[in-house]
Amino acid sequence: MLQVNYIRENLDLVVERLAVKNFDAAEIVKQVIELDDQRKSTQSELDNIKAESNSLAKQIGMLFKEGKIKEANETKTRTAELKIKDKELKEKLDQVKADLEKALYEIPNIPHASVPAGKSDADNEVISEEGKIPQLSKKALPHWELADKYKIIDFDLGSKVTGAGFPFYRGKGARIQRALINFFLDEAADAGYLEYQTPLMVNEASGYGTGQLPDKEGQMYHVGEDNLYLIPTAEIPVTNIYRDVILKEADFPVKNVAYSQCFRREAGSYGKDVRGLNRLHQFDKVEIVQIQHPDKSYETLEEMKAHVANLLRKLGLPFRVLRLCGGDVSFTSALTFDFEVYSAAQERWLEVSSVSNFENYQANRMKLRFKGNNGKTQLAHTLNGSALALPRILAALLENNQCEEGIRIPKVLQKYTGFDMI
RNA sequence: GGAGAAAUGGCAGAGUGGUCGAAUGCGGCGGUCUUGAAAACCGUUGAGGUGCGAGCCUCCGGGGGUUCGAAUCCCUCUUUCUCCGCCA
């Protein structure tokens, strides 16, 4: 969430910038400042009451020691009054704080200056495109038919055992999944990322820490009995490692990577978007996360972008990079680049990675700070990106690499698959 | 799942009702000494709110309670450890 003092000092700028995200902040920003003023005044009133109580308590202690029982008891009547006020003020303060927090949770992150205005994904800005789009024969099949033809992914079986969006991978299909995961993890390790295996369920505090809660509550699977959420991305456990942590400046950059299965309810999706591997409820993803000094986070964003581009290059997939417009950039992100690969049989671009800088928005929620060389404690910046999400990569590989003899496996994957053709 | 014990500053560890935000040791930082380093010695060293500042206030796992006063007593939750049971 945004820092109240930042909002206070940059009122007009905040409203103006949030308009790029099509968010009218004028009212809520006023509300935040009013609530914060109330918080301050209530707090200081309470502090005064407490100061008086504390000093009276000390006096009473002294009086008892000196055997002045009568005076001590007289003083006690005054503290009784203070206790009542103390309780009232405490309740008021708790309420004001809760209201303030709730209001802050409703304000999205401020978009970076380079984020273009726009309403939807149609307004995203294509900033680069590379790789050759393959010319397939007329007999070319979409990946769900290839999956069936070679018996490598069974969607019907998934529907039977669990439900739509939970496919079974089989034989070479399962093997290529494992190959992709290992390839992505090895590439990340070579780039200096520390590998984690994390819990696939997280508690409420972690959900709030990275901002999925309360914003995307309905998109996560929730295990009611234990109040845990299935992770929609490894970003949550990996970033929350640093919740309530104060790093040293020398710790930067923190570079972590995790493979995990991801679970998304995808409520409201339909049609051709969800066909085959295009959108699943459970999928595999390798996620890179960095925590960086505020002065260097945009350099880091470029570095992460380059890492993702390199993966796609090595896999031989044609891809393009988009700078998300204000209407499409996520609630918590300041700047996001999406990577899309071209899936030749479907003749469409598929999003396979999203690389974002959250600046201190997540850090403020989870109190992720660092002690600077100047001795001051301040908020760090968090970044993350998919490197990469598997299903659409697999879809594009299957479609783009199909030929008479079968499906060609990219050279870089062969040492992991142990075969060069499906 | 059952029984018991515990949770204190970066770490270890004292404190069981009153000048305790907290002894002591280690670690960190600064200094003295040294050609340099080590050792030794001296000093310093948690987070947050508020205020121009002096200061005031909060935090001893979380929440609630008792009391004039709680790290210390009570309740509750969470976590850890030991024993029993079950188990990949």
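Every chain is numbered from 1, with letters handed out A, B, ... down the list of sequences. This structure is a prediction, so every number in the text was calculated from the model and none was measured.
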What pattern of brackets, bars and dots sums up RNA chain B from 5' to 3', given Watson-Crick or G-U wobble pairs under 3.5 Å, [ ] for crossing pairs and | for another strand?
((((((((.[[[..)..(.....]]]((((((.......))))))(((((....))))).[[[[[..)....]]]]])))))))....

With a 3.5 Å distance limit and no angle check, can you tell me whether A:Asp86 reaches the backbone of A:Leu82 through a side-chain donor-acceptor pair?
no

Sticking with atom P, work out how far B:C86 lies from B:A5, rounded to a whole angstrom.
24 Å

Of all residues at least two apart in sequence or in a different chain, which pass the side-chain contact (heavy atoms from CB on, under 4.5 Å) check with A:Thr42?
A:Leu89, A:Lys92, A:Leu93

May I ask you to decide if the ring planes of A:His307 and A:Tyr193 are parallel, tilted or perpendicular, using 30° and 60° as cut-offs?
tilted

For A:Arg369 and for A:Gly61, locate the closest nucleotide of RNA chain B by heavy-atom distance; then report the residue assigned to the nucleotide nearer the 5' terminus.
A:Gly61

Using atom C1' in both nucleotides, what's the gap between B:A47 and B:U8 to the nearest angstrom?
15 Å

P spacing across the pair B:A14 / B:A23, given as an integer number of angstrom:
14 Å

Describe the nucleic acid contact of A:Asn73 in one word from base, sugar-phosphate, nothing, applying a heavy-atom distance below 4.0 Å.
nothing

Salt bridge (charged side-chain N to carboxylate O under 4.0 Å, His left out): pairs with one or both residues in residues 141-157 of chain A, sequence neighbours excluded:
none

Listed by chain and number, what are the salt bridge (charged side-chain N to carboxylate O under 4.0 Å, His left out) partners of A:Glu405, not counting sequence neighbours?
none

Rounding to the closest angstrom, what is the interatomic distance between B:G13 and B:A22 at atom C1'?
12 Å

Of all of residues 39-52 of chain A, which get a heavy atom below 4.0 angstrom from RNA chain B, listed by number?
A:Arg39, A:Lys40, A:Gln43, A:Asp47, A:Lys50, A:Ala51

Euclidean distance for C1', B:U66 against B:U72 (whole angstrom):
13 Å

Heavy atoms under 4.0 Å, any strand shown: does A:Lys367 hit a base, just sugar-phosphate, or nothing?
nothing

Does anyone know the first and last nucleotide of RNA chain B in reach of chain A, 5' to 3', at under 4.0 angstrom to a heavy atom?
B:G18 to B:G69

On the 0 to 90° scale, with breaks at 30° and 60°, tag the A:Tyr298-A:His112 ring pair as parallel, tilted or perpendicular.
tilted

Quick one: label A:Thr75 by what it contacts on the DNA or RNA (base, sugar-phosphate, nothing), any heavy atom closer than 4.0 Å.
nothing

Can you tell me, in whole Å, how much space there is between the C1' of B:G53 and that of B:C42?
31 Å

Going by side-chain hydrogen bond (donor to acceptor under 3.5 Å, both in side chains), name the residues that satisfy it together with A:Asn124, two or more places apart in sequence or in a different chain.
A:Asp328

Which pairs pass ring-ring contact (aromatic ring centres under 6.0 Å, His included) with one or both residues in residues 147-182 of chain A, sequence neighbours excluded?
A:Phe166-A:His281

Distance between the C1' atoms of B:G21 and B:C60, in whole angstroms?
9 Å

Between A:Ile60 and A:Ser55, who's closer to the 5' end of RNA chain B by nearest nucleotide?
A:Ser55

Could you check whether A:Thr377 gets within reach of a base, just the sugar-phosphate, or nothing at all, counting any heavy atom under 4.0 Å?
sugar-phosphate

Residues in salt bridge (charged side-chain N to carboxylate O under 4.0 Å, His left out) contact with A:Arg369, at least two apart in sequence or another chain
none

Test side-chain contact (heavy atoms from CB on, under 4.5 Å) applied to A:Ser55 - qualifying residues, sequence neighbours left out:
A:Gln59

Would you please name every residue forming a salt bridge (charged side-chain N to carboxylate O under 4.0 Å, His left out) with A:Lys411, sequence neighbours left out?
none

Expressed in whole Å, how much space separates the P atoms belonging to B:G36 and B:G43?
24 Å

Selection residues 281-301 of chain A - residue pairs positive for salt bridge (charged side-chain N to carboxylate O under 4.0 Å, His left out), sequence neighbours left out
A:Lys285-A:Glu287

